[in-house]
Participant: 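Okay, here's the structure, questions in a sec.
Values below: all heavy atoms of this structure, side chains included; hydrogens, waters and symmetry mates excluded.
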Amino acid sequence: MRRHPCRGEAGREVTAASGTPTLHGAAVGRGIGIGLMYGLWKPRVLGAWRVPASGPVILAVNHSHNIDGPMLMGTAPRPVHFLIKKEAFVGPLDPFLRGIGQLKVDRTSADRTAITQALGVLENGGVLGIFPEGTRGEGDFASLRAGLAYFAVRSGAPIVPVAVMGSTERRGRLISALPPLRSGVDVVFGDPFDAGDGSGLRTRKALDEATVRIQARLTSHLENARRFTGR
């Protein structure tokens with residue numbers, strides 16, 4: 001009989017035999033995210049029902065502030081495995097991030113380990129979180145990397161666009177790098193869509209065309225979210 005992990009053992013169940021992070025770790029991360037995000041700020045979550053209740057899905061999130069990832073982890077209706085730059089995995093954060101099912105990626109090269117793990121998450125019917133812009137910036141989806149198109153076309157998983165809004169409007173008094181405590185942050189989920197053209201092709205041309213389609217859908221969602229929230 002399989003023994004359930006005792007307290008403090010979450011980090012030991014980070015990955016399955018294939019190296020793919022398990023749902024257990026991401027579920028722990030979601031619980032932590034719920035406590036922190038709702039405890040420190042006032043998230044308003046719109047359209048969470050649009051996220052498929054089961055099966056593989058990719059959440060494509062705009063990225064303008066460091067709390068965008070944790071905010072999504074705490075507000076998404078399902079546990080999320082995020083692709084996170086390897087520079088964040090330093091000191092005690094390394095085992096912690098691994099323990100809550102997050103994926104370390106080297107953005108300077110084709111990180112085969114991260115690619116295999118991310119595809120494994122989707123093959124297991126999990127939720128993969130991606131910042132398609134690749135790095136923190138204006139958060140307007142103006143420039144997308146090809147990774148999102150690759151994962152979507154390769155796995156066949158639908159993409160759900162997500163707009164996190166309000167995290168950069170003001171700086172906190174106690175910690176200027178964070179939004180003011182108890183301030184409002186909007187998290188707006190869009191309709192899921194397929195990135196591929198139905199051909200199943202994964203050529204460079206097919207991925208480039210998929211990236212163009214994805215960018216149009218993400219930009220449209222962000223514009224709609226701004227109109228709806230007034231931000």
Participant: So which heavy atom on Gly74 is nearest to which on Tyr38, and how close?
Facilitator: O-CE1, 3.5 Å
Participant: Please check this pair: side chain of His63 against backbone of Gly69, looking for a donor-acceptor N/O pair closer than 3.5 Å.
Facilitator: no
Participant: Can you list the steps and then say if Val188 with His221 is a side chain to side chain contact (heavy atoms under 4.5 Å, CB included)?
Facilitator: CA-CA 9 Å; Val188 187; His221 170 66; 3.8 Å; yes
Participant: Going through the distances and angles, do Gln102 and Val80 end up as a side chain to side chain contact (heavy atoms under 4.5 Å, CB included)?
Facilitator: CA-CA 8 Å; Gln102 307 309 295; Val80 182; 5.6 Å; no
Participant: Could you measure the distance from the CG atom of Asp111 to the CD atom of Gln117? Nearest 0.5 Å is fine.
Facilitator: 8.0 Å
Participant: So which atom in Pro77 and which in Ala48 form the shortest heavy-atom distance, rounded to 0.1 Å?
Facilitator: CG-O, 3.6 Å
Participant: With a 4.5 Å cut-off on side-chain heavy atoms, are Arg182 and Lys42 touching?
Facilitator: yes
Participant: Indicate yes or no: at least one non-hydrogen side-chain atom of Arg44 is less than 4.5 angstrom from one of Val185.
Facilitator: no
Participant: Measuring only between side-chain heavy atoms, which start at C-beta, is Tyr150 closer than 4.5 Å to Leu119?
Facilitator: yes
Participant: Just by modelled atom types, is the Ala216 backbone N or O under 3.5 Å from a matching donor or acceptor in the Thr219 side chain?
Facilitator: no
Participant: Do Val162 and Val187 have side chains that get closer than 4.5 Å, going by heavy atoms?
Facilitator: yes
Participant: Please check if the side chain of Arg78 supplies one atom and the backbone of Pro52 the other of a donor-acceptor pair under 3.5 Å.
Facilitator: yes
Participant: Which heavy atom of Ile100 sits nearest to which heavy atom of Val28, and what is that distance?
Facilitator: CG2-CG1, 4.3 Å
Participant: Indicate yes or no for a side-chain donor-acceptor contact from Asp194 to the backbone of Gly196 under 3.5 Å, with no hydrogens or angles considered.
Facilitator: no
Participant: Going from CZ on Arg226 to CE on Met165, what distance comes out if it is rounded to the nearest 0.5 angstrom?
Facilitator: 5.5 Å
Participant: If you define the side chain from C-beta out and look only at heavy atoms, does anything of Leu148 sit under 4.5 Å from Ile214?
Facilitator: yes
Participant: Are the side chain of Thr229 and the backbone of Ala225 linked by a donor-acceptor contact shorter than 3.5 Å?
Facilitator: yes
Participant: State, to 0.1 Å, how close Ala149 and Ala210 come at their nearest heavy-atom pair, and which atoms those are.
Facilitator: CB-CB, 4.0 Å
Participant: Quick check: is Leu46 connected to Val57 through a chain of hydrophobic side chains (ILVMFWY, heavy atoms under 4.5 Å apart)?
Facilitator: no
Participant: Looking at NZ of Lys205 and CG of Leu207, how far apart are the two atoms once the value is rounded to the nearest 0.5 Å?
Facilitator: 11.5 Å
Participant: Is there a side chain to side chain contact (heavy atoms under 4.5 Å, CB included) between Phe82 and Leu97 once you walk through the steps?
Facilitator: CA-CA 10 Å; Phe82 255 108; Leu97 291 173; over 6 Å; no
Participant: Are Val212 and Ile159 linked, directly or through other ILVMFWY residues, by side chains that come within less than 4.5 angstrom of each other?
Facilitator: no
Participant: Do Glu87 and Arg107 touch side chain to side chain, with heavy atoms closer than 4.5 Å?
Facilitator: yes
Participant: Looking at side-chain heavy atoms only, is the closest gap between Trp41 and Ile67 below 4.5 Å?
Facilitator: yes
Participant: Identify the heavy atoms of Gly101 and His81 that sit nearest to each other, and give their distance.
Facilitator: O-ND1, 2.7 Å
Participant: Donor-acceptor pair, Asn62 side chain versus Val164 backbone, under 3.5 Å?
Facilitator: yes
Participant: Without swapping roles, check the side chain of Asn124 against the backbone of Gly120 for a donor-acceptor pair under 3.5 Å.
Facilitator: yes
Participant: Any heavy-atom pair between the side chains of Phe189 and Trp49 that's under 4.5 Å?
Facilitator: no
Participant: Following the transitive rule for hydrophobic clusters with a side-chain heavy-atom cut-off under 4.5 Å over Ile, Leu, Val, Met, Phe, Trp and Tyr, establish whether Leu23 and Leu72 coincide in one cluster.
Facilitator: no
Participant: Look at the side-chain heavy atoms of Ile, Leu, Val, Met, Phe, Trp and Tyr, link any pair under 4.5 Å apart, and say whether Phe228 and Val45 land in one connected group.
Facilitator: no
Participant: Working note: Ile130 + Leu59, criterion side chain to side chain contact (heavy atoms under 4.5 Å, CB included); need CA distance, chi angles, decisive distance, verdict.
Facilitator: CA-CA 6 Å; Ile130 294 180; Leu59 301 183; over 6 Å; no
Participant: So, for Ile58 and Ala157, which heavy atoms are closest and what is the spacing to 0.1 Å?
Facilitator: CG1-CB, 4.2 Å
Participant: Partners of Asp106 by salt bridge (Lys or Arg N to Asp or Glu O under 4.0 Å), sequence neighbours excluded?
Facilitator: Lys86
Participant: What's the spacing between Phe89 CZ and Arg98 CZ if we round to 0.5 Å?
Facilitator: 6.5 Å
